[in-house]
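Take a look at the structure set out below.
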Amino acid sequence: MMDYQSILNDIHAHVISEKDKGTVASYIPELALIDINNFGLHLRTKNGEEYGVGDCNKPFSIQSISKVLALALAASKKGSTILNRLGVEPSGHPFNQLALLEIENGIPRNPFINSGAIVVADIIVSLFNDPKVEFLNYVRNLTGDDNIHYNLNIAKSEKETGFRNYAAANLLKSFGNLENPVEEVLDYYFMQCALEMTCQQITKSFHLFANKGKCLFEKSQLSEQQAKRINAIMLTCGFYDEAGEFAFEVGLPGKSGVGGGIVALLPDHYVITTWSPGLNKKGNSKLGMLALEQFTTKTQLSIF
Ligand code: GLN
């Protein structure tokens, strides 16, 4: 039997002593207020054992981690038709890059760069009368926890400063790849990114990707094929222009957010979430990547 708790404790002790914790994101002004010294780590095995350390029960801004849950919601309603409007190739560029979108005629490379996530947001806006409420309920149901909320200050802060996302949405609109008005789609998208969750809640919500599409309550949310495919997109695109490095160091499908969270999973085995707000130059949590590299090295539990 693996002693997961002492493995997590060792990783925690090691990473919090690191001097260089990266830099907290400041392009969304409200995110810059977060204390860089937060560090949380939470693991849940497929059969329900849970282990946590540090700030694993403090809510934080999940940001781009929400893109995976939004894709799952859209795919569960629309199936593979969404691939008419999106690709599944890594972009090799930062999450907010615009040049490829122009060159490739408004078809985003994948659903996890911002332009792709804005197309998924557009699909969700078209599907529901109240997309913000529907998305929140979807995540609450996956987690079995009604104590999950949007942070309205963070949504407002990004709405006031999200110039590159406005540019991406306008480009998508000009190519005919946005059904709804730019303002309406971004209003939803910024709120989706401003969802706050703890490491523990994120771990639970991602159980469906480690469990062939079935959520914590064994309800089928995605087909096995859809779960497999979303894991593949996480592996190849979840860390933008650092996806190769994450596969190389950690070896798991996963997704980062500029709030400093990273969730990663080994299908049929476990989901693990880290939170450390300091980011590296590619916008991924610096200590989070280090912690996950140590986890798969110590446990030898990666997909490779
Ligand atoms: N809301 C952020 C943005 O659109 C999400 C980016 C991220 O977490 N990488 O810029």
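As the structure lists them, so they are numbered: ligands from 1, and atoms in each ligand from 1.
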Checklist outcome for this item: Residue set satisfying side-chain contact (heavy atoms from CB on, under 4.5 Å) with E245, at least two apart, ordered chain then number -> E242, E249, M289

Checklist outcome for this item: Sorted by chain and residue number, the residues having a heavy atom closer than 4.0 Å to an atom of ligand 1 are Y27, Q63, S64, F95, N114, E158, N165, Y189, C193, Y240, G257, V258

Checklist entry - Taking K173 for the side chain and N180 for the main chain, is one N or O donor matched with an acceptor at less than 3.5 Å? => result yes

Item to check | Presence of salt bridge, D187 and K159, under 4.0 angstrom | outcome: yes

Next on the checklist: If we count only N and O atoms by modelled type, under 3.5 Å, do the side chains of D3 and S6 hold a donor and an acceptor together?
Outcome noted: yes

Item to check | No-hydrogen, no-angle side-chain donor-acceptor test under 3.5 Å, H149 and E196 | outcome: no

Checklist entry - Side chains of Q192 and S66: donor-acceptor distance under 3.5 Å anywhere? => result yes

